[in-house]
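This chain uses plain numbering: 1 for the first residue, then up along the sequence.
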Amino acid sequence: MKLRNLGMDLVGSTEGAAVSAGRWMGFGHREEPDQLAIESMHSVLRDLDIDGYIIVGEEKDEARHHGKDSSADEPYIQSGLDSGQTVGTGQGPELDMVLDAIDGRNLLAQGHSDAISVVGAAPRGSMWVPPPEALYMDKIVVDLEAAEALVSECMDAPAAWTLALVARVKKKEVRDLIVFVLDRPRHQDLVEEIRAAGARVLLRSDGDIAGALMASFPEGDVDLFMGAGGVAEGLIAACAVKALGGAMLGRLAPQSDQERTAITEAGLDTKQILTCDDLIDSDQIFFTATGITDGMLLSGVRYRGDIAHTESMVLRTEGDVHRIIQAKHMLKEG
């Protein structure tokens, strides 16, 4: 069954989340804006005429939130947007949904660029369900122009080899490429490889989904996303990558003995390479993103008294429709 264009409905949820969170930019807090953004997003999604089932929700960060990649110690608060919850009135199309009210909580807290709010949707049963034992996966993302260069061998090849393939297809020198990499100790060798090959590196402390979006956006400044990031974020990113016609490779990459043991005991295959089609088996995908802080793709929220200005991206695979929407929101007092 062909779905109506849901993008214009879904974007209201990311706009609301962004407006609720944006005033916390640079205040050093992660949890307060996150909870406000979640509540705002939920208030919109619950009233839409859809029957949405959340595949990846807000609790996805809990394990890493208290792990080696985070120094924060705030308790996780359950929400109506956790995985396994339903949203919508139940009177519309059945959907699998993935979402993140704030991708880049640290970026927002520190006043850095590229914090965004995102939602993705596709027909029910079309999305790969991330195994709970797996937290991390290696990922490579490129745009439509370089999609043909991304072959399975890239997952095990030296970074220089992959960079050369992408550069040749994009008719660039390797030194002209920009590679997005999360700034993590685990990526030290990867960053050194990329630099030794002559490419430039864009390091970010946070923003896994935003990085994949930058790399897959046509005519954007970023040419590749490389490195290990969240499994859940990988599925969310796949919605945008596929909607934009880009390409993505992913493979489970446990980052601790505990995660490795859990994956082994669950019988999961750490050698299997996943593509966008493996992650989302549908050509009816909707993805929306709204800027919270200024970024390479979207402007952040601007406040002028009782008015907030937002900039959003609305993607749809069918019809190859990509929209950038600027909106004005009248804020309620209090």
Side-chain angles (χ1 to χ4, degrees), residues 14 17-18 20-38 41 56-74 76 81 98-120 135-139 141 178-188 190-191 201-217 220-222 224-238 240-241 250 253 255 289-301 313:
T14 57
S20 296
R23 285 201 185 276
W24 289 82
M25 172 184 163
F27 274 82
H29 299 286
R30 291 161 44 96
E31 295 306 308
E32 291 90 340
D34 202 35
Q35 287 304 312
L36 289 172
I38 289 170
M41 178 175 281
V56 167
E58 283 297 329
E59 86 301 335
K60 63 187 172 300
D61 293 319
E62 184 177 10
R64 295 192 302 284
H65 185 47
H66 298 287
K68 60 182 179 300
D69 278 350
S70 174
S71 59
D73 192 29
E74 306 96 339
Y76 175 73
L81 296 182
V98 292
L99 51 87
D100 198 342
I102 302 177
D103 173 51
R105 290 187 296 178
N106 287 327
L107 299 176
L108 174 62
Q110 297 162 10
H112 294 169
S113 60
D114 293 306
I116 60 176
S117 179
V118 297
V119 169
L135 301 178
Y136 291 91
M137 69 190 313
D138 284 326
K139 289 173 273 190
V141 178
I178 297 177
V179 185
F180 181 102
V181 181
L182 287 174
D183 190 4
R184 298 287 190 272
R186 63 178 179 265
H187 291 147
Q188 181 177 349
L190 173 62
V191 170
V201 181
L202 174 62
L203 288 171
R204 283 282 193 274
S205 65
D206 211 352
D208 197 330
I209 302 166
L213 190 56
M214 292 177 204
S216 60
F217 199 79
D221 293 328
V222 175
L224 299 93
F225 174 109
M226 300 182 78
V231 170
E233 287 83 354
L235 180 59
I236 299 175
V241 176
Q255 298 297 306
T290 301
I292 303 176
T293 61
D294 281 346
M296 295 182 70
L297 294 179
L298 295 168
S299 296
V301 184
M313 179 185 303

Testing the basics here: between [X] and [Y], what is the closest heavy-atom pair and its distance to 0.1 Å?
{"X": "Met41", "Y": "Asp100", "value": "CE-O, 4.3 Å"}
{"X": "Gln255", "Y": "Ala228", "value": "NE2-CB, 4.0 Å"}
{"X": "Ala21", "Y": "Pro33", "value": "CB-O, 4.1 Å"}
{"X": "Asp206", "Y": "Asn106", "value": "OD2-N, 3.1 Å"}

Just how far is it from atom [atom1] of [X] to atom [atom2] of [Y], taken to the nearest 0.5 Å?
{"X": "Leu203", "Y": "Arg184", "atom1": "CG", "atom2": "CZ", "result": "10.5 Å"}
{"X": "Leu81", "Y": "Leu99", "atom1": "CG", "atom2": "CG", "result": "5.5 Å"}
{"X": "Leu108", "Y": "Trp24", "atom1": "CG", "atom2": "CH2", "result": "10.0 Å"}
{"X": "Ile102", "Y": "Ile38", "atom1": "CD1", "atom2": "CD1", "result": "7.5 Å"}
{"X": "Leu190", "Y": "Met226", "atom1": "CG", "atom2": "CE", "result": "5.5 Å"}
{"X": "Ile178", "Y": "Leu202", "atom1": "CD1", "atom2": "CG", "result": "7.0 Å"}

Would you confirm whether [X], through its side chain, and [Y], through its main-chain N or O, come within 3.5 Å as a donor-acceptor pair?
{"X": "Lys139", "Y": "Gly230", "answer": "yes"}
{"X": "Thr293", "Y": "Asp114", "answer": "yes"}
{"X": "Glu58", "Y": "Ala101", "answer": "yes"}
{"X": "Asp294", "Y": "Gly300", "answer": "yes"}
{"X": "His187", "Y": "Leu182", "answer": "yes"}

So with a 6.0 Å cut-off around CG of Asp221, is the heavy-atom count from everything else above 12? no
Distance-only polar pair, side chains of Ser113 and Arg204, donor-acceptor under 3.5 Å = yes
Sorted by chain and number, sequence neighbours left out, side-chain hydrogen bond (donor to acceptor under 3.5 Å, both in side chains) with Asp138 holds for none
Sorted by chain and number, sequence neighbours left out, side-chain hydrogen bond (donor to acceptor under 3.5 Å, both in side chains) with Thr290 holds for Thr14, Ser312
Going by heavy atoms in the side chains, are [X] and [Y] under 4.5 Å from each other?
{"X": "Met313", "Y": "Leu213", "value": "yes"}
{"X": "Phe217", "Y": "Met296", "value": "no"}
{"X": "Asp103", "Y": "Ser117", "value": "no"}
{"X": "Val141", "Y": "Phe180", "value": "no"}

| task | Could you tell me whether Arg105 and Glu31 make a salt bridge, using a distance below 4.0 angstrom between a side-chain N and a carboxylate O? | result | yes
Derivation and outcome, side-chain contact (heavy atoms from CB on, under 4.5 Å), residues Val179 and Val222: CA-CA 6 Å; Val179 185; Val222 175; over 6 Å; no
